[in-house]
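Only one structure is covered here, and it is reproduced in the block below.
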Amino acid sequence: MFKLIIVDDNKYERMGIKQAVDWGALDIEVVGTFANGAEALAGVGELHPDLIVTDIAMPMMNGIALAERVRDQYPDIKIIFTSCHSDFEFAKSAVNLGVYGYVLKPIISGELESAVRSVLGEMTERERRERERAGMLRQLEGMLPLVQEQFFKEMLLGNFRDERDIRERIGFLQVSVPDNSSFAVLALDVREKVESTGGESSRSVVDTYYQSYTIKKAVNALERGAAFDAVSGESDESPRPDSNSERPGLVSAYPVQMAGDSFAVLLFGESEQFLQTAVDLHLIITERLDRSVTIGISEASSSLSAMAELYRQARQAALTTFYEGSSPIIVYSEIEDRAERSPFDAMPGLESLYGDVKVLLSYGGEEVIDEFLDKYMSLPGGGFPHESYIKVFSYLTLNLVNVLLEEANKSLKELLGEESADWSNFNVPAPAPAREARVWLRRIFVTLRESLAERNPTKNQKVIDQIRDIIGQRYGEALTIEDISKSVYLSGRHANHIFKKETGQTIFDYLIDYRIGIAKGLLKERDSKVAVVAEAVGYVNTSYFCLAFKKNVGMTPAEYKNKSMLR
């Protein structure tokens with residue numbers, strides 16, 4: 001029942017109000033009567049009424065003052081004023097206090113009941129909404145993992161980008177994110193093993209749901225010690241924590257199914273643990289599912305609003321062509337080529353532009369030329385940079401072309417004619433110069449490619465030899481595609497394209513093969529340790545090394561070492 005208190009300085013009128021209406025029939029209980037606003041306010045905290053019927057003119061504290069205090073302290077309580085005609089103008093201030101009714105004295109029971117019923121209708125609706133909300137919250141608590149997953153999916157797709165809004169939502173969804181923690185995203189692609197299916201999928205609906213259940217359960221069951229032992233195959237040499245203890249530094253991991261065979265995992269914790277987590281997760285999943293699993297790892301960030309970008313990085317790593325099956329775990333920082341980022345808000349770096357122009361003159365077809373122009377002469381979403389940028393960029397590019405041609409004892413004038421490269425020919429009102437300049441530069445590069453001799457195979461071989469030399473000298477370092485490509489003055493994409501065209505392998509596949517070959521020799525030494533060998537060939541994470549070794553050799557480093565000792 002709803003609770004009501006009556007406030008009036010006239011005891012007969014208090015009793016009259018109490019008896020004027022059949023309160024029980026309205027599902028209302030009169031829980032108290034008071035002679036003034038001060039007494040009523042003191043009783044509100046103890047009686048918790050839903051409704052107050054109060055006179056306006058009273059000693060000590062009148063009805064207006066009472067309404068003001070109630071509004072500030074108990075905003076959900078509804079108030080109905082009673083008053084004689086002389087107080088009517090005074091009662092108009094009640095509009096600003098949220099008063100829900102006004103009944104003139106002498107009180108007529110029908111008018112009072114009508115005012116109360118009007119308030120009850122709103123109170124009943126409010127109570128219904130509160131019950132509905134409470135029920136929703138109870139349901140939400142029961143399906144919290146699903147709601148969390150849906151929110152994370154939307155966040156990864158870029159639907160939430162405001163840091164404060166995201167933190168409020170994850171707080172409501174009971175996601176624990178400690179202050180100063182780092183965040184990263186894993187992208188998991190799960191596929192049939194071609195050799196086991198002949199290239200055709202034979203999965204049932206049950207298998208599909210079982211896969212999703214298994215992957216999500218695996219994320220929640222990460223145990224560093226058990227996974228590390230199983231990957232490395234070592235029991236004495238590798239330090240490991242108790243398998244029942246929580247992973248040091250890892251706060252939490254949340255799985256998200258983005259599509260049928262595509263998953264993401266949000267990691268909250270210390271960035272040093274993210275690679276180990278990916279290794280452990282790969283092991284757990286491949287042990288429970290006879291499937292091929294590739295994991296891409298994003299960079300770490302301290303901003304939740306960066307999750308969409310982190311997911312993009314992880315997906316790019318998982319789908320990269322720099323690896324072709326030689327590594328099931330790919331770190332975004334290893335494949336990112338910063339030289340390929342489009343510098344639309346400033347002039348490009350001279351070294352980067354020099355390398356790209358060199359590619360155009362040495363290896364670039366029309367597709368590569370268009371890619372170059374898109375990179376430096378287009379804005380995200382379409383459009384062109386400012387005319388001053390276009391002009392300076394065009395002059396700079398042509399000067400670099402001249403430098404490269406002079407190295408081959410050629411020149412622009414010789415290949416294109418006296419006026420072909422003259423910017424003044426395109427001195428037309430904005431925004432045409434940008435569009436015209438792109439057409440102009442494209443024609444210059446196409447003409448140059450046609451004028452120059454066909455691609456010299458010895459140039460390709462020189463690039464291949466340089467890349468092999470770099471890997472041979474620096475295989476023990478944490479090499480990235482940018483490190484290698486910058487050394488040969490090419491973009492990562494083109495360096496990888498040339499290398500694969502001539503050798504049949506991507507650069508990183510060759511790097512892994514080279515490292516594994518060195519590792520084999522080191523493991524044959526009687527006193528060698530797996531962890532030391534891993535570090536010597538450029539792997540800072542021993543589990544990651546063990547996984548790559550087993551993928552390429554068919555056995556763990558410990559098994560290979562033991563087998564070598566028996567010979």
Side-chain angles (χ1 to χ4, degrees), residues 189 191 194-195 292 294 296 316-340 352 354-369 371-372 404 449 452-522 534 536-539 544-545 547-554 560:
D189 274 353
R191 296 287 183 267
V194 177
E195 62 271 16
S292 175
T294 302
Q316 183 176 335
L319 299 175
T320 183
T321 57
F322 289 119
Y323 293 84
E324 290 195 343
S326 61
S327 177
I329 299 177
I330 303 100
V331 181
Y332 177 73
S333 59
E334 289 184 349
I335 61 99
E336 181 194 23
D337 184 12
R338 293 178 179 84
E340 293 196 359
S352 171
Y354 175 82
D356 285 347
V357 172
K358 185 176 181 179
V359 167
L360 292 187
L361 296 181
S362 301
Y363 314 104
E366 293 194 24
E367 181 180 346
V368 177
I369 294 171
E371 185 177 300
F372 172 87
L404 289 166
R449 286 298 304 136
L452 293 169
E454 289 295 321
R455 183 181 302 180
N456 188 343
T458 59
K459 287 187 177 180
N460 280 355
Q461 190 57 51
K462 183 178 180 180
V463 170
I464 302 304
D465 291 342
Q466 287 177 323
I467 291 174
R468 284 175 170 161
D469 287 344
I470 292 167
I471 291 174
Q473 295 169 17
R474 302 176 58 188
Y475 66 86
E477 303 175 21
L479 281 175
T480 68
I481 186 64
E482 186 178 18
D483 295 331
I484 297 172
S485 60
K486 283 174 62 177
S487 299
V488 293
Y489 301 101
L490 296 175
S491 70
R493 181 179 303 170
H494 294 300
N496 199 58
H497 173 76
I498 294 169
F499 195 90
K500 186 182 177 185
K501 180 178 177 64
E502 299 298 329
T503 68
Q505 279 186 302
T506 66
I507 294 174
F508 271 110
D509 286 343
Y510 176 80
L511 173 61
I512 290 173
D513 284 349
Y514 193 92
R515 284 172 165 170
I516 297 302
I518 299 294
K520 284 181 178 180
L522 296 175
V537 295
Y539 288 89
Y544 191 23
F545 164 69
L547 200 62
F549 193 95
K550 186 173 182 179
K551 177 76 175 178
N552 284 266
V553 182
Y560 182 84

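Every value quoted in this text rests on a predicted model; they were computed, and no experiment measured them. For the numbers below, each heavy atom of this structure counts, side chains included, while hydrogens, waters and symmetry mates do not.
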- Pair Ile464-Phe499, side chain to side chain contact (heavy atoms under 4.5 Å, CB included): steps then yes or no: CA-CA 6 Å; Ile464 302 304; Phe499 195 90; 3.7 Å; yes
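The nearest pair of heavy atoms linking Leu547 to Pro328 is CD2-CG, 3.9 Å. Scanning all heavy atoms of the two residues, the minimum distance from Arg515 to Glu477 falls at NH2-O, 2.7 Å. Residues Ala519 and Val537 share a closest heavy-atom pair of N-CG1, 4.0 Å. Across all non-hydrogen atoms, the minimal contact from Ile516 to Phe545 is CD1-CE1, 4.4 Å. Ala495 approaches Ser485 most closely through the heavy-atom pair CB-CB, 4.1 Å. Taking both residues in full, the closest heavy atoms of Ala548 and Asn552 are given as O-ND2, 2.8 Å, listed atom of the first, atom of the second, then distance.
When side chains are defined from C-beta on, Val488 counts as touching Ile470, because their heavy atoms get closer than 4.5 Å. Side-chain contact between Tyr510 and Thr503: absent, with no pair of heavy atoms (C-beta onward) separated by less than 4.5 Å. When side chains are defined from C-beta on, Glu502 does not count as touching Val463, because their heavy atoms never get closer than 4.5 Å.
Taking CG of Asp483 as the start and CD of Glu334 as the end, the distance is 10.0 Å to the nearest 0.5 Å. Interatomic distance, CG of Leu511 versus CZ of Arg474, reported as 11.0 Å (0.5 Å rounding). Interatomic distance, CG of Leu479 versus CD1 of Ile471, reported as 7.0 Å (0.5 Å rounding).
Asn496 places a side-chain N or O within 3.5 Å of a backbone atom of Ile507 that can act as its donor or acceptor partner. For the pair Asp465 (side chain) and Lys462 (backbone), a donor-acceptor distance under 3.5 Å is absent.
Classified by interplanar angle (parallel below 30°, tilted 30° to 60°, perpendicular above 60°), the ring pair Tyr544/Tyr539 is perpendicular. Aromatic ring orientation, Tyr560 versus Phe549: perpendicular (interplanar angle above 60°, classes split at 30° and 60°).
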